[in-house]
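Below is one structure, written out as structure tokens; the observations come after it.
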Amino acid sequence: MNEIIKKIEEAQLKEKVDNFNVGDTVKVYAKIKEGNRERIQVFEGTVLKKQGGSNRATFTVRKNSNGVGVEKTWPLHSPNVEKVEVVRAGKVRRAKLFYLRDRVGKAAKVKELVK
């Protein structure tokens with residue numbers, strides 16, 4: 001039974017997965033279905049966490065919208081995620097950035113990674 005599940009999960013994986021890390025500022029191009037039309041909506045924010053593996057991997061992005069913090073979580077291999085574009089790389093020292101939820105203004109920023 002376990003081998004059958006593995007084959008099904010492998011079939012659902014994307015061929016090309018966008019490369020980004022926790023702390024990066026990204027633009028997520030998500031497909032939105034409204035009635036019988038489909039459009040792409042961009043969500044730009046900081047990656048708070050990446051978790052899971054295989055086809056169950058997810059990532060969470062946080063942004064400030066009109067003074068209110070908004071977080072969205074997407075499956076990495078979802079067909080509804082068109083692409084993930086890295087705007088700027090962030091310099092962080094931990095895997096989960098939950099401390100950003102309590103910060104306001106400039107304190108909620110992540111330093112840019114200079115290579």
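Note that the coordinates shown come from a computational prediction; the quantities given were computed from them, not determined experimentally. Positions are given from 1 along the sequence.
As a member of the Ile/Leu/Val/Met/Phe/Trp/Tyr network built from side-chain separations under 4.5 Å, Ile40 groups with Tyr29, Val42.
For the pair Tyr99 and Arg94, the minimum side-chain heavy-atom distance is below 4.5 Å. Two residues are said to be in side-chain contact when any heavy atoms from C-beta on lie closer than 4.5 Å; Thr46 and Val22 fail this criterion. When side chains are defined from C-beta on, Val87 counts as touching Glu44, because their heavy atoms get closer than 4.5 Å. Residues Leu76 and Val81 have side chains not in contact (no heavy-atom distance under 4.5 Å, counting atoms from C-beta outward).
The shortest heavy-atom contact between Gly23 and Val92 is CA-CG1, 4.0 Å. In this structure, Lys49 and Lys96 approach most closely via the heavy-atom pair CB-CD, 3.3 Å. When every heavy atom of Glu82 is checked against every heavy atom of Lys14, the shortest pair comes out as O-NZ, 4.5 Å. Annotation for Leu97 and Val47: closest pair CD1-O, 3.7 Å, computed over non-hydrogen atoms.
Checked by atom type and distance alone, the side chain of Asn55 never pairs as donor or acceptor with a backbone atom of Gln12 at under 3.5 Å. Under a 3.5 Å cut-off, the side chain of His77 and the backbone N or O of Leu13 do not form any donor-acceptor pair. For the pair Asp18 (side chain) and Val84 (backbone), a donor-acceptor distance under 3.5 Å is present.
Put simply, NZ on Lys7 and CG on Asn2 are 11.5 Å apart, with the number rounded to the nearest 0.5 Å. One distance of note links CZ of Arg62 with CZ of Phe98; it measures 11.0 Å at 0.5 Å rounding. Atom-to-atom distance recorded for Glu10:CD and Lys6:NZ is 8.5 Å, nearest 0.5 angstrom. Note that the CZ atom of Arg88 and the NZ atom of Lys111 stand 11.5 Å from one another [nearest 0.5 Å].
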Checking side-chain contact (heavy atoms from CB on, under 4.5 Å) for the pair Leu48/Val61: CA distance, chi angles, key distance, verdict?
CA-CA 6 Å; Leu48 286 190; Val61 180; over 6 Å; no
When you look at Ile32 and Glu38, which way does the side-chain contact (heavy atoms from CB on, under 4.5 Å) test go after all the steps?
CA-CA 6 Å; Ile32 304 292; Glu38 195 173 88; over 6 Å; no
Does Asn19 form a side-chain contact (heavy atoms from CB on, under 4.5 Å) with Val17? I'd like the steps, not just the answer.
CA-CA 6 Å; Asn19 190 16; Val17 178; over 6 Å; no
Would you please test Asn80 and Trp74 for side-chain contact (heavy atoms from CB on, under 4.5 Å) and show each step?
CA-CA 9 Å; Asn80 291 332; Trp74 285 282; over 6 Å; no
Side chain to side chain donor-acceptor pair (under 3.5 Å) evaluation trace for Thr60 with Thr73:
CA-CA 4 Å; Thr60 301; Thr73 302; 2.9 Å; yes
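Remark: Lys50 qualifies as a cation-pi partner of Phe20 under the 6.0 Å distance and 45° angle criteria applied to the six-membered ring. Remark: Lys63 qualifies as a cation-pi partner of Phe43 under the 6.0 Å distance and 45° angle criteria applied to the six-membered ring.
For Glu34, the salt bridge (Lys or Arg N to Asp or Glu O under 4.0 Å) criterion is met by Arg39, not counting sequence neighbours.
Within 6.0 Å of the CZ atom in Arg101, the count of heavy atoms belonging to other residues, nucleotides or ligands exceeds 12.
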